[in-house]
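Encoded as structure tokens, the structure appears first; notes follow it.
Counting from 1, the numbers follow the sequence of the chain as shown. Values reported hereafter were calculated over all heavy atoms of this structure, with side chains retained and with hydrogens, waters and symmetry mates removed. All of these numbers come straight from a predicted model, not from anything done at the bench.
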Amino acid sequence: MSFDQRDTIGFRAAQISRMIANRLREALAPLGVQPAQAAALIEIGAAEGLTQKELVERLDVEQPGVARTLNGLEAEGWIRREAKAGRAQGLYLTDKARAVVPEAARLTGEINRDALSELSKTERAHLIDALAEVIDELKRAS
């Protein structure tokens, strides 16, 4: 039996991720943000005052990467941090970020819609649900 790695979820997921990331990078470049930065800014904009820990949970990524992204965003004047109760700091958009977040969100949504445009609404929903199940199973197994 021959094994074709191109028929694996890992190969296909990496391919999709790379292609969408490239399109996002290209579309977001005129706004001055990278895809990871845009994702963080969109989440912060949706719930200003959330903490770094909450952002890690919302984005479902590792804390060190979020910390690096936030440090860069703060240094570039996209976000500010304000003390909250205890040691936590809330994350807030600056006016600079507020000016680009709606467009970043629109572009992100458009690229994702385009990627799924050949699927029916039901097929899109099933695909997203199935991928969420795969992710949940992988989390449980690790």
Side-chain angles (χ1 to χ4, degrees), residues 3-142:
F3 172 75
D4 188 349
Q5 71 174 354
R6 293 171 297 177
D7 290 333
T8 65
I9 189 163
F11 184 89
R12 296 297 182 189
Q15 189 175 27
I16 290 168
S17 177
R18 190 173 48 255
M19 293 172 81
I20 289 177
N22 287 341
R23 289 184 181 159
L24 281 170
R25 254 190 308 284
E26 184 178 303
L28 295 169
L31 301 179
V33 294
Q34 294 293 317
Q37 293 174 315
L41 291 172
I42 291 166
E43 286 300 320
I44 294 167
E48 289 202 64
L50 63 95
T51 64
Q52 181 172 316
K53 181 180 179 195
E54 291 167 332
L55 183 60
V56 166
E57 291 167 1
R58 282 174 174 253
L59 295 174
D60 198 16
V61 293
E62 302 214 357
Q63 190 280 333
V66 171
R68 280 189 302 276
T69 297
L70 292 176
N71 288 338
L73 288 171
E74 187 175 31
E76 294 173 19
W78 293 103
I79 63 166
R80 61 183 166 62
R81 300 176 204 229
E82 289 183 12
K84 291 179 76 162
R87 293 180 16 163
Q89 292 183 322
L91 303 169
Y92 298 87
L93 298 179
T94 62
D95 289 340
K96 175 182 176 180
R98 277 192 193 84
V100 301
V101 164
E103 181 65 3
R106 186 191 71 74
L107 290 167
T108 300
E110 183 178 293
I111 288 166
N112 280 277
R113 277 189 303 282
D114 288 350
L116 300 173
S117 65
E118 293 298 314
L119 302 177
S120 72
K121 188 175 182 177
T122 301
E123 290 169 326
R124 288 191 299 266
H126 285 265
L127 175 61
I128 298 300
D129 288 346
L131 290 172
E133 288 177 23
V134 169
I135 290 165
D136 289 344
E137 180 57 33
L138 289 170
K139 285 179 183 176
R140 278 192 294 275
S142 59

Examine distances only and state if a side-chain atom of T51 and a backbone atom of G90 form a donor-acceptor pair shorter than 3.5 Å. no

Atom CG of L107 and atom CD1 of I111: how far apart are they, to the nearest 0.5 Å? 6.0 Å

Does the pair K139/D60 count as a salt bridge with the N-to-O cut at 4.0 Å? yes

Between L70 and L55 the two heavy atoms that sit nearest each other are CD2-CD2, 3.7 Å

When rounded to the nearest 0.5 Å, the distance separating CG of L28 from CZ of R23 is 13.5 Å

Using atom types as modelled and distance alone, determine if a side-chain donor or acceptor of T69 lies under 3.5 Å from a backbone N or O of A36. no

Shortest non-hydrogen separation from V61 to V56 and the atoms involved: O-CG1, 3.1 Å

Between CZ on residue R98 and CD on residue E48, distance to nearest 0.5 Å: 4.5 Å

A14 backbone acceptor or donor facing S17 side chain under 3.5 Å: no

Verify, without hydrogens or angle tests, whether R12 (side chain) and R6 (backbone) share a donor-acceptor contact under 3.5 angstrom. yes

Q15 atom CD, over 12 foreign heavy atoms within 6.0 Å: yes

Value for OG1 (T122) from CG (L127), rounded to nearest 0.5 Å, stands at 12.5 Å

Can you name the closest pair of heavy atoms from E43 and L50 and give their distance? O-CD2, 3.6 Å

Whether K96 side chain and E76 backbone form a donor-acceptor pair below 3.5 Å: yes

Expected output: side-chain E123 to main-chain S120 donor-acceptor under 3.5 Å: yes

Carboxylate-amine/guanidinium proximity below 4.0 Å for R58 and E54: no

Salt bridge between E137 and R140, side-chain N to carboxylate O under 4.0 Å? yes

Minimum heavy-atom separation for L73 to A40, with atom names? CD1-CB, 4.0 Å

Would you mind checking if E74 and R81 are paired as a salt bridge, meaning a charged N to carboxylate O distance below 4.0 Å? yes

Is the side chain of T108 donor-acceptor paired with the backbone N or O of A104 at a distance under 3.5 Å, no angle test? yes

Salt bridge flag under 4.0 Å for residues K84 and E82: no

Within the supplied structure, the quantity of interest is the number of heavy atoms (other residues, nucleotides, ligands) at a distance under 6.0 Å from L138 CG; does it exceed 12? yes

What distance separates W78 CH2 from T94 OG1, expressed to the nearest 0.5 Å? 7.5 Å

Using a strict cut-off of less than 4.0 Å between a Lys/Arg side-chain nitrogen and an Asp/Glu carboxylate oxygen, indicate whether R106 and E103 qualify as a salt bridge. yes

Taking every non-hydrogen atom, the tightest pair across P35 and L24: CG-CB, 3.7 Å

Could you go through the side chain to side chain donor-acceptor pair (under 3.5 Å) check for R68 and N71 one step at a time? CA-CA 5 Å; R68 280 189 302 276; N71 288 338; over 6 Å; no

Distance from D7 atom CG to I9 atom CD1, nearest 0.5 Å? 12.0 Å

